[in-house]
Peer 1: 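My questions all concern the structure below.
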Number of protein chains: 2
Amino acid sequence: MFVKPMGILERKDREKKKMRGLILKTAMKLFLEEGFENVTVRRIAERIEYSPAAIYLYYKDKDEILYAIHEIGFEKLYKQQQTILSIKNPWKRLKKHGSNYINFALENHEYYDLMFIMRGPAKKIKEKEEWEIGLRSFEFLKKNINECIKAGYLSKVNLDVAAFAFWSLTHGIASRLILC
Amino acid sequence: MFVKPMGILERKDREKKKMRGLILKTAMKLFLEEGFENVTVRRIAERIEYSPAAIYLYYKDKDEILYAIHEIGFEKLYKQQQTILSIKNPWKRLKKHGSNYINFALENHEYYDLMFIMRGPAKKIKEKEEWEIGLRSFEFLKKNINECIKAGYLSKVNLDVAAFAFWSLTHGIASRLILC
DNA sequence: TTAATTACTGAACATTGTTTATGTTTGTTA
DNA sequence: TAACAAACATAAACAATGTTCAGTAATTAA
């Protein structure tokens with residue numbers, strides 16, 4: 001019996017990932033430029049110089065590409081939020097947290113739509129039960145708010161309620177800024 | 001030369017309006033049940049027992065039906081908001097204003113999506129420059145907030161900023177409640 | 001009754017997402 | 001090497017979509 005040479009399997013794996021990455025990158029670019037609904041699988045395929053059918057060998061359907069982008073969006077948001085850790089004053093940090101969030105929404109507003117506003121992906125997320133990535137950002141916010149409470153900047157408020165209201169406010173501002 | 005008998009023209013006009021109403025009502029019902037994107041022109045036509053092409057004699061395209069619903073949604077919201085006028089205390093009234101808004105969003109959340117969350121119609125609105133109906137509700141909010149300020153419930157805040165923040169907060173809460 | 005206007009439709013068009021039957025390249029085994 | 005298997009990729013087709021248009025039926029006018 002033969003042992004399969006690892007090099008080949010690894011290369012295949014690499015190539016598969018590369019292909020998925022290529023599709024994703026191309027789809028992202030198109031989605032950001034023209035919005036999810038206005039991009040066809042055919043156009044993505046054309047860009048990467050493959051047949052439309054090839055896409056379906058790497059992603060189950062069009063929605064799954066969107067879902068992958070969704071994950072990337074949350075990753076971006078989380079990374080951007082981490083930058084405020086250098087601010088020592090909890091209150092200043094929380095304010096920066098909010099303005100950062102709004103800036104993120106404005107600068108990546110197509111991402112933002114995909115993440116929070118459009119209903120389409122929301123369905124997908126519930127099915128998949130993979131909201132952890134989104135929740136991570138919310139936990140980070142709660143941590144920041146908690147430190148504001150401990151430092152006496154917010155008096156006698158329930159942590160969850162405060163976090164919910166804070167996110168709602170920033171999200172509301174962002175949505176209104178995007179839509180108007 | 002003959003003068004056209006008015007009765008016939010009036011009847012025709014009535015019938016035209018009736019037909020538009022029938023299409024709208026049917027489309028609304030379907031949109032509310034299944035979402036704009038999942039309803040086809042063919043299904044609307046089928047429901048009213050006309051050919052798909054007939055729809056296009058009364059509405060330019062599918063989006064225009066959505067736009068008409070959009071207007072109705074704002075009308076509903078505005079009417080519902082008016083009910084708080086009976087509350088004399090400005091602060092209580094403002095709080096009711098907010099909870100009403102959230103209730104409206106939850107109870108008519110498909111409407112609400114069409115009005116604020118989905119991007120599709122937003123494009124349409126900008127083209128048409130008919131945001132007046134939406135703005136009317138915002139003006140009403142500003143009036144309420146202004147009276148809170150005058151009555152000393154809100155100290156030293158800019159009216160527009162306060163109104164903006166208030167709507168953002170309620171909108172944010174509503175959006176999050178709908179999406180989660 | 002005939003002509004003109006209006007209301008409507010059937011059939012078709014161009015696109016969409018997706019699947020399937022088929023070929024083609026690459027890897028494995030003898 | 002030759003023969004077989006697996007992976008990869010595609011062309012072609014499918015079903016469904018929004019929309020249009022030539023033509024038909026119904027209504028109104030002369």
Peer 1: Measure from NZ or CZ of A:K142 to the centre of the six-membered ring of A:F164, then state whether that distance is under 6.0 Å and the direction lies within 45° of the axis.
Peer 2: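 No, cation not above the ring by the 6.0 Å, 45° rule.
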Peer 1: State, yes or no, whether a side-chain contact exists between B:L85 and B:F140 at a heavy-atom distance under 4.5 Å.
Peer 2: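 A side-chain contact under 4.5 Å exists here.
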Peer 1: Do B:L94 and B:W91 come within less than 4.5 Å of each other through their side chains, counting heavy atoms only?
Peer 2: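 Counting from C-beta outward, B:L94 and B:W91 do come under 4.5 Å.
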Peer 1: Using salt bridge (charged side-chain N to carboxylate O under 4.0 Å, His left out) as the criterion, point out the one residue from B:K88, B:K92, B:R93 that pairs with B:E147.
Peer 2: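 Running salt bridge (charged side-chain N to carboxylate O under 4.0 Å, His left out) over B:K88, B:K92, B:R93 with B:E147 returns exactly one hit, B:R93.
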Peer 1: Using a cut-off of less than 4.0 Å, is there contact between a side-chain N or O of B:Y58 and OP1 or OP2 of C:dC8?
Peer 2: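 Indeed, a polar side-chain atom of B:Y58 lies that close.
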Peer 1: Quick one, B:E34 and B:L30 - any side-chain contact, counting heavy atoms below 4.5 Å?
Peer 2: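 Sidechains of B:L30 and B:E34: in contact.
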Peer 1: Summarise protein proximity over nucleotides 15-27 of chain D in one line of letters, 5' to 3': B for base, S for sugar-phosphate only, - for none, counting protein heavy atoms closer than 4.0 Å.
Peer 2: --BBBBB------
Peer 1: From CD1 of B:I55 over to C1' of C:dA7, roughly how many Å is that when rounded to an integer?
Peer 2: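 Rounded to whole Å, this separation is 14 Å.
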Peer 1: Between B:L141 and B:I84, is there a shared hydrophobic cluster once you connect ILVMFWY residues whose side-chain heavy atoms come closer than 4.5 Å?
Peer 2: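 Different clusters.
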Peer 1: Looking at residues 19-28 of chain A, who's got a heavy atom less than 4.0 Å off DNA chain D?
Peer 2: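 Result for residues 19-28 of chain A: none.
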Peer 1: Can a cation-pi geometry be assigned to A:R136 and A:F74, taking NZ or CZ under 6.0 Å from the six-membered ring centre and within 45° of the ring axis?
Peer 2: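 The answer is no, since A:R136 fails at least one limit relative to A:F74.
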Peer 1: Send over the distance from B:Y50 OH to C:dG10 P, rounded to a whole Å.
Peer 2: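 One finds 13 Å between P of C:dG10 and OH of B:Y50, rounded.
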Peer 1: Does the separation of the ring centres of A:F138 and A:Y78 fall below 6.0 angstrom?
Peer 2: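 No - the distance between ring centres of A:F138 and A:Y78 does not fall below the 6.0 Å cut-off.
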Peer 1: Take the protein atom OH of A:Y59 and the nucleotide atom P of D:dC8, then report the distance between them rounded to whole Å.
Peer 2: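 For the pair A:Y59 OH and D:dC8 P, the rounded distance is 15 Å.
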